[in-house]
Amino acid sequence: MPRYDLHSHSTYSDGLLAPAAVVQRAAARGVDFYALTDHDDTGGLAEAAAAARETSMTFVPGAELSVSWESQTIHIIALQIDPSNRTLDDGLAAIRSGRDARAHRIGQALAEAGIPGAYDGARRFVTSERLISRSHFARFLVEAGYAKETKDVFKKYLVQGKPGYVAHAWATLPDAVSWIHAAGGQAVVAHPGRYRVTATGMRRLLGEFRDAGGDGIEVLSPSHTPAQFTEYATYARTFGFLASTGSDYHGPGEGWLDLGDLPALPAGVTPVWSKW
Ligand code: AMP
Ligand code: MN
Ligand code: MN
Ligand code: MN
């Protein structure tokens, strides 16, 4: 059985490894089909594709789009996109354009909570001029001793209801799906188990995603428990979505799943790669 890992990050967003290094690590770990899916950016895909040509791995060009839905941020994974597509590129540029102002507001909010210098501190962890994220704030806050691990920083400071969280308007769900389709790609709801919604809310989200033309959901993710693997496989079957799998790898020491560390998809679902 080939191994798939269809969700990961590089230094073009909030990953710690350059695209070529992530590709080499995936190949060394026995991944057969690998997608780089940086947040709101396709800048690393050319380097990753070139590095993948030196391996026996099949490279899948991707991205992870930030979307606002009701009061939440939802992530949509794009797979098999043409990175040179203008519609998608313009859409991603529009999503990224709000990030710096948002980061300044996060910095101000943290200052009001007694943590000065966070914007400049986070900037020191940024690896692509085009993208600053909460991960960079988290790394700064750990370095400055406000928490032991990035996971704890999020819990204490950076999630909804905490002092360093600021609301932000990302893309709409229908826009994100249409940009991905314009670029010839498939749209997949990332880590659905992570959203704070009731069962009714989840059905509403997935229903709107299906109405927008969405293609799949991530069934296997480090954000899910084994019980949720089964739960989201059932959602995939009920809604007629393709099923995807990804480690959401960000780099050594970040998260608890390494590239390719995923079980097989539960029986009874149609994999997102079934028509590749
Ligand atoms: P942003 O797109 O700027 O809102 O940043 C979101 C990123 O922060 C995600 O892609 C993750 O890499 C990271 N993140 C979000 N929530 C958590 C968490 N609870 N623990 C660790 N990292 C997180
Ligand atoms: Mn991330
Ligand atoms: Mn995500
Ligand atoms: Mn991700």
Side-chain angles (χ1 to χ4, degrees), residues 5-17 19 22 34-42 44 60 62-69 71-79 92 95-107 109-110 118-119 122-123 125-128 130-142 146-162 164-171 176 187-196 217-218 220-224 244-259 262:
D5 192 333
L6 304 176
H7 186 161
S8 68
H9 299 276
S10 78
T11 45
Y12 276 82
S13 61
D14 58 352
L16 298 174
L17 302 178
V22 200
Y34 162 75
L36 179 65
T37 57
D38 274 312
H39 297 287
D40 310 328
D41 204 311
T42 54
V60 178
E64 181 173 17
L65 279 67
S66 309
V67 159
S68 295
W69 178 82
S71 63
Q72 308 235 13
T73 296
I74 305 294
H75 286 171
I76 305 294
I77 294 286
L79 296 173
L92 294 177
I95 304 180
R96 285 195 309 269
S97 68
R99 278 188 175 270
D100 191 60
R102 170 197 188 230
H104 277 293
R105 287 189 289 133
I106 293 175
L110 288 170
Y119 175 84
R123 269 272 156 216
F125 287 88
V126 166
T127 49
S128 161
R130 304 192 333 183
L131 195 134
I132 182 164
S133 96
R134 281 184 295 161
S135 300
H136 303 116
F137 280 91
R139 290 173 191 146
F140 160 71
L141 290 166
V142 169
Y146 291 100
K148 266 220 200 87
E149 290 186 79
T150 53
K151 185 172 98 235
D152 304 327
V153 176
F154 274 91
K155 242 190 258 165
K156 263 168 86 177
Y157 297 107
L158 298 177
V159 292
Q160 226 161 351
K162 299 298 170 171
Y165 180 86
V166 304
H168 186 69
W170 304 104
V188 174
V189 173
H191 41 61
R194 215 157 94 179
Y195 309 126
R196 292 177 166 243
I217 62 172
E218 225 171 40
L220 301 185
S221 160
S223 303
H224 292 173
S244 192
T245 178
S247 65
D248 205 357
Y249 185 71
H250 280 72
E254 298 254 330
W256 57 274
L257 263 199
D258 208 322
L259 291 159
L262 297 145

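One-based numbering, in listed order, for ligands and for the atoms of each.
- A side-chain contact (heavy atoms from CB on, under 4.5 Å) with Y249 is found for one member of L257, V22, T37 and no other, namely V22.
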Dump all N/O pairs between ligand 1 and the protein below 3.5 Å as a table: atom names plus distance, one pair per row.
| unit_1 | atom_1 | unit_2 | atom_2 | d |
| --- | --- | --- | --- | --- |
| ligand 1 | 2 (O) | R99 | NH1 | 3.4 |
| ligand 1 | 2 (O) | R99 | NH2 | 3.0 |
| ligand 1 | 3 (O) | R99 | NH1 | 3.0 |
| ligand 1 | 3 (O) | R102 | NH1 | 2.7 |
| ligand 1 | 3 (O) | R134 | N | 2.8 |
| ligand 1 | 4 (O) | R102 | NH2 | 2.7 |
| ligand 1 | 4 (O) | R134 | NE | 2.8 |
| ligand 1 | 4 (O) | R134 | NH2 | 3.1 |
| ligand 1 | 8 (O) | S135 | OG | 3.3 |
| ligand 1 | 10 (O) | H39 | NE2 | 2.8 |
| ligand 1 | 12 (O) | D14 | OD2 | 3.0 |
| ligand 1 | 12 (O) | S135 | OG | 3.3 |
| ligand 1 | 12 (O) | H250 | NE2 | 2.9 |

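- At a cut-off of 3.5 Å, with distance as the only test, a side-chain donor of H9 or E64 sits close to an acceptor on the other residue.
- Atom OD2 is the N, O or S atom of D14 at the shortest distance from the Mn ion (ligand 2).
- Note on the Mn ion (ligand 4): protein N/O/S atoms under 2.8 Å are H7 NE2, H9 NE2, E64 OE1, D248 OD1.
- Listed here is the closest heavy atom pair of V166 and A109: CG1-CB, 4.2 Å.
- Judged purely by atom type and a 3.5 angstrom limit, S68 uses its side chain to pair as donor or acceptor with the backbone of W170.
- A salt bridge links R139 with E254; the closest basic N to acidic carboxylate O contact falls under 4.0 Å.
- Closest approach of G98 to H168, counting heavy atoms only: O-CE1, 3.5 Å.
- Ring geometry for H104 versus Y119: interplanar angle under 30°, hence parallel rather than tilted (30 to 60°).
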**Request:** Given side chain to side chain contact (heavy atoms under 4.5 Å, CB included), test Y195 with H75 step by step and report yes or no.
**Result:** CA-CA 10 Å; Y195 309 126; H75 286 171; 3.8 Å; yes

Quiz item: Could you walk me through whether E149 and K155 pass the side chain to side chain contact (heavy atoms under 4.5 Å, CB included) check?
Solution: CA-CA 10 Å; E149 290 186 79; K155 242 190 258 165; over 6 Å; no

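- Across every non-hydrogen atom of D248 and R194, the tightest pair is OD2-NH1, 4.1 Å.
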